[in-house]
Number of protein chains: 2
Amino acid sequence: MAIVAEEVKAPGGRRERILRSTIEVIRERGFAGTRVSDIAERAGTSQGLVLYHFGSLAEALSASLTLLEDEFYTELDQELGLAEGPIDRLWHMAELAAGYGPAVGDWRLWLELWARAMHDDNARQARESLDRRWRASLLTVIVDGVASGDFVVADPTRASLRLAALMDGLAIQLALEDPGMTRATFTDLWWEAAVLELQISDPKRHRPPRKRARNRA
Amino acid sequence: MAIVAEEVKAPGGRRERILRSTIEVIRERGFAGTRVSDIAERAGTSQGLVLYHFGSLAEALSASLTLLEDEFYTELDQELGLAEGPIDRLWHMAELAAGYGPAVGDWRLWLELWARAMHDDNARQARESLDRRWRASLLTVIVDGVASGDFVVADPTRASLRLAALMDGLAIQLALEDPGMTRATFTDLWWEAAVLELQISDPKRHRPPRKRARNRA
DNA sequence: CGATAAACTGAATGACCATTCAGATGCCGT
DNA sequence: ACGGCATCTGAATGGTCATTCAGTTTATCG
């Protein structure tokens, strides 16, 4: 378990390494189960250093949320940059949400964040801005699609609310490993709803198979 | 804060009173934040008694989940018993989910349960059977509606999956008090999706206004 | 080169909590 | 009235952490 090889020069140095470890630990053990010693061990440092950098466990957790936000935004922008028309963009978002990527589709972390948001103010704000951003992107895609004639919707805001909520709901099953819910069914079910909701007409070019299928352990 | 008046004869005695207090505390402080002393204080007893009855905090939490399941089932059955046709039943489920009732629409508790299900096996099982039950009811209503001609659906299972997921997703906003998400918008958005998904044609009798609006503090 | 500061460590320290326990109190059948 | 049993209490007990700290190593810069 004690790999010490590539740790020497992670970009960003020890501090960022600790934050990344923190996120990993939260994902595995939850906010509640995350101890300073877990973070230190995962990062290959001492407990003292974690506190030296962040002052307290609470601060470390909070800072890791900020890092998470950054990665989320980066991933979203990058992926949307690749897509061409509204339909393609929508499809990319579906795949991001289905978990083909490091941050956006990391639903275990989202469930944790939702629960924590009820009791911790940092978490509340983090999840709020992440959610806002996500839904704004979705809305933009829909509005663009309406403008370009790809979609037909009476009320884009309502449509985006619903499609976003549907993702969250499906994601719960995904995160909890409900039998019968896979990434494939996720996109499948969601896309069908989107087609219905947005009256996507053009049947060509729907659901291209995914190229890569990378995901973290 | 120390009210001691009506505690004397809660039906079911001290033991059940402790379980109910446990659920309340979980709702307010989360699983992680729930201490034996919180439960005891809330129930108006000593810490010792909590442990006397349940042996450990973990057991108390677990037992409270069982009570929660019972209440959920009771509430669901009772409410569905009141309804007449498939459309009416569907509407009742929407209202239950929107939080007009003590157990089913208690979404803060659900968020907690989802998060805990990732790390605790009792929670995992509890949420799984609750979820299964809920979705089975929804599926039944849909199938009945198809049989009676009220609904037109190609694949009832997929429809029920989607409609259930949509509820969960909307519920997150509700639980986290997202500005712009109320019980009314919840039913509104969901019902519109249901109408679309199930091709509900009969426009009369849709969305009767709610009679009572009771809810716990 | 020093030397000053930053980064880092590991061993205390102390707070917080679940759990234990020795005993009180009420209850019930006889 | 009394023995025995379940219920109940409040004060220990002990373990598990976050946090502190005295001191060591490493980087930086004149």
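Chain identifiers are assigned alphabetically (A, B, ...) following the order of the sequence lines, protein sequences preceding nucleic acid strands; residue numbering begins at 1 within each chain.
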Using whole Å, what does the distance between atom P of nucleotide C:dC16 and atom CZ of B:Arg29 come to? 13 Å
In this structure, how many angstroms lie between the P atom of D:dC21 and the CD atom of A:Gln47, rounded? 16 Å
From the list C:dT9, D:dT19, D:dT9, which nucleotide is the closest neighbour of the side chain of A:Ser46? C:dT9
Looking only at heavy atoms, the pair that brings A:Ala83 and A:Asp88 closest together is CA-OD2, 3.5 Å
Determine the minimum heavy-atom distance between A:Met167 and A:Trp134, stating which atoms define it. SD-CZ2, 3.6 Å
Sequence neighbours left out, what passes ring-ring contact (aromatic ring centres under 6.0 Å, His included) with B:Phe72? Give chain and number order. B:Trp110
d(CZ, B:Arg14; C1', C:dT25) in whole Å: 12 Å
Closest approach to the side chain of A:Leu49, judged atom by atom: which nucleotide of C:dT19, C:dT9, D:dG10 is it? C:dT9
If you check every side-chain atom of B:Arg35, which of C:dC17, D:dC17, D:dC8 has the closest atom? C:dC17
Atom pair distance, as rounded to whole Å: CZ in B:Arg17 and P in D:dT7: 17 Å
Using the side-chain contact (heavy atoms from CB on, under 4.5 Å) definition, which of the options A:Val50, A:Leu51, A:Leu49 pairs with A:His53? A:Leu49
Can B:Asp121 and B:Arg116 be counted as an ion pair, charged N to O under 4.0 angstrom? no
Can you list, by residue number, the residues of residues 50-62 of chain B that have a non-hydrogen atom closer than 4.0 angstrom to DNA chain C? B:Leu51, B:Ser56, B:Leu57
Member of A:Ile87, A:Leu90, A:Val141 meeting the side-chain contact (heavy atoms from CB on, under 4.5 Å) criterion with A:Leu198: A:Leu90
